[in-house]
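Each remark here refers to the structure printed beneath this line.
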Amino acid sequence: MEIRKPNYLEYKKVLSLSPKALFDGTLGEAKPTDEKVKQLIERLLQKGSYYLIATEGDNLMGWILIGTSKDQFTEKIYGFIYELFVLEKFRGNGISKQLMKTGIEHLKQDRYSEVRLSVYAGNQALKLYEKLGFKNRTITMSMQI
C-alpha cells in the first residue's frame, strides 16, 4: 500500500466519491449533492488543505483530507482532519489507521502542535480515534423539538 498525494485523475475520483464519504461519516444524516461537496472541498483546498490517498496498484482504497483550522474562542491555529474514508471493499485491513498516522505525521511536518477532528457519535471510526490518542474536547448535543 502506498499513501501519497493524488494526481488530477485520482483527485477527480475522490471528489466523485466524497458525497458517499459524507453520507457514511454523518451516519446517513447528510445527503449532499456532488456540486455542494465540490464547493466545500474546493474552499478547503484553496486554504491549503490537501488529500492523501491510499492506493495499491491502480486501486484507490481510501483517503484523508487534512488542513488547518482556527479555534473560534482562542484564535489558536491547529491541524484538522476534515475527512477520512475507506471504500467498503477495503475496510477491515488497517487502512484507516495508516491514513490517520500518515496524516498526523504530515500535520506535524507542517508544524502543527495539535490535531483536531469532528466525528458523529455512533460512528465506528470513533474507536480508532480514541486508540490513536484523541480525547473529547467539546461535545455538541442536540434535541428534536
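These figures come from a predicted structure and were not determined experimentally. What's counted below: heavy atoms across the whole structure, side chains too, no hydrogens, waters or symmetry copies.
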message: Rounded at 0.5 Å granularity, tell me how far NZ in K38 sits from CG in L40.
response: 12.5 Å

- prompt: Listed by chain and number, what are the side chain to side chain donor-acceptor pair (under 3.5 Å) partners of Y82, not counting sequence neighbours?
  reply: none

message: What's the separation between atom NZ in K12 and atom CG in N7, rounded to the nearest 0.5 Å?
response: 12.0 Å

query: Should side-chain heavy atoms under 4.5 Å link Ile, Leu, Val, Met, Phe, Trp and Tyr, which residues sit in the same cluster as F73?
result: none

message: I'd like to check the salt bridge (Lys or Arg N to Asp or Glu O under 4.0 Å) partners of E83; sequence neighbours left out, ordered by chain and number.
response: none

message: A side-chain contact here means heavy atoms from C-beta on lying under 4.5 Å apart; do F134 and I104 qualify?
response: yes

query: Hey, are the side chains of K135 and Y129 touching, using non-hydrogen atoms and a 4.5 Å cut-off?
result: no

- prompt: Do the non-hydrogen side-chain atoms of L60 and E10 ever get within less than 4.5 Å of each other?
  reply: no

field: Cationic N near anionic O, under 4.0 Å, K76 to E114
entry: yes

field: Short side-chain donor-acceptor distance under 3.5 Å, Y112 and T68
entry: yes

query: Does the side chain of K70 come within less than 4.5 Å of E75's, by heavy atoms?
result: yes

message: Run the side-chain contact (heavy atoms from CB on, under 4.5 Å) test on L87 and F85 for me, step by step, so that the C-alpha distance in whole Å, both residues' side-chain angles and the decisive distance to 0.1 Å come before the verdict.
response: CA-CA 7 Å; L87 282 80; F85 186 72; 4.3 Å; yes

message: Tell me the closest heavy-atom pair linking G103 and I66, and the distance in Å.
response: O-CD1, 3.7 Å

query: In chain order, what residues pass the side chain to side chain donor-acceptor pair (under 3.5 Å) check against Q109, with sequence neighbours excluded?
result: none

field: Gap between atom CZ of R91 and atom OG of S96 - 0.5 Å precision
entry: 8.0 Å

- line: CG of L107 to OH of Y78, rounded to nearest 0.5 Å, is 12.0 Å

Side-chain heavy-atom pair S69, I77 within 4.5 angstrom cut-off: no

- request: Could you tell me the separation between the CD atom of Q124 and the CG atom of L128, rounded to the nearest 0.5 Å?
  value: 11.0 Å

- prompt: How would you list, by chain and number, every residue that makes a salt bridge (Lys or Arg N to Asp or Glu O under 4.0 Å) with D71, sequence neighbours excluded?
  reply: R116, R137

message: Has N93 got a side-chain atom pairing as donor or acceptor with F90's backbone, closer than 3.5 angstrom?
response: yes

task: Could you tell me whether a side-chain N or O of N123 sits under 3.5 Å from a main-chain N or O of A125, the two making a donor and an acceptor?
output: yes

task: Determine whether W63 and V86 make a side-chain contact, defined as any pair of heavy atoms from C-beta on separated by less than 4.5 Å.
output: no

Check residues 46-55 and write down every donor-acceptor pair under 3.5 Å in which the side-chain atom is one partner and the other belongs to a residue at least two apart or another chain.
from	atom 1	to	atom 2	distance (Å)
S49	OG	L44	O	3.3
Y50	OH	H106	ND1	3.3
Y50	OH	D110	OD2	2.9

- request: Take I3 and M1, measure what side-chain contact (heavy atoms from CB on, under 4.5 Å) needs, and give me the verdict at the end.
  value: CA-CA 7 Å; I3 297 179; M1 177 175 64; 4.3 Å; yes

- prompt: side-chain contact (heavy atoms from CB on, under 4.5 Å) between I95 and Q98: does it pass, once the steps are laid out?
  reply: CA-CA 5 Å; I95 297 167; Q98 278 307 120; 5.7 Å; no

query: How far apart are the C-alpha atoms of L65 and I81, what are their side-chain angles, what is the distance that settles it, and do they pass the side-chain contact (heavy atoms from CB on, under 4.5 Å) test?
result: CA-CA 6 Å; L65 176 59; I81 297 170; over 6 Å; no

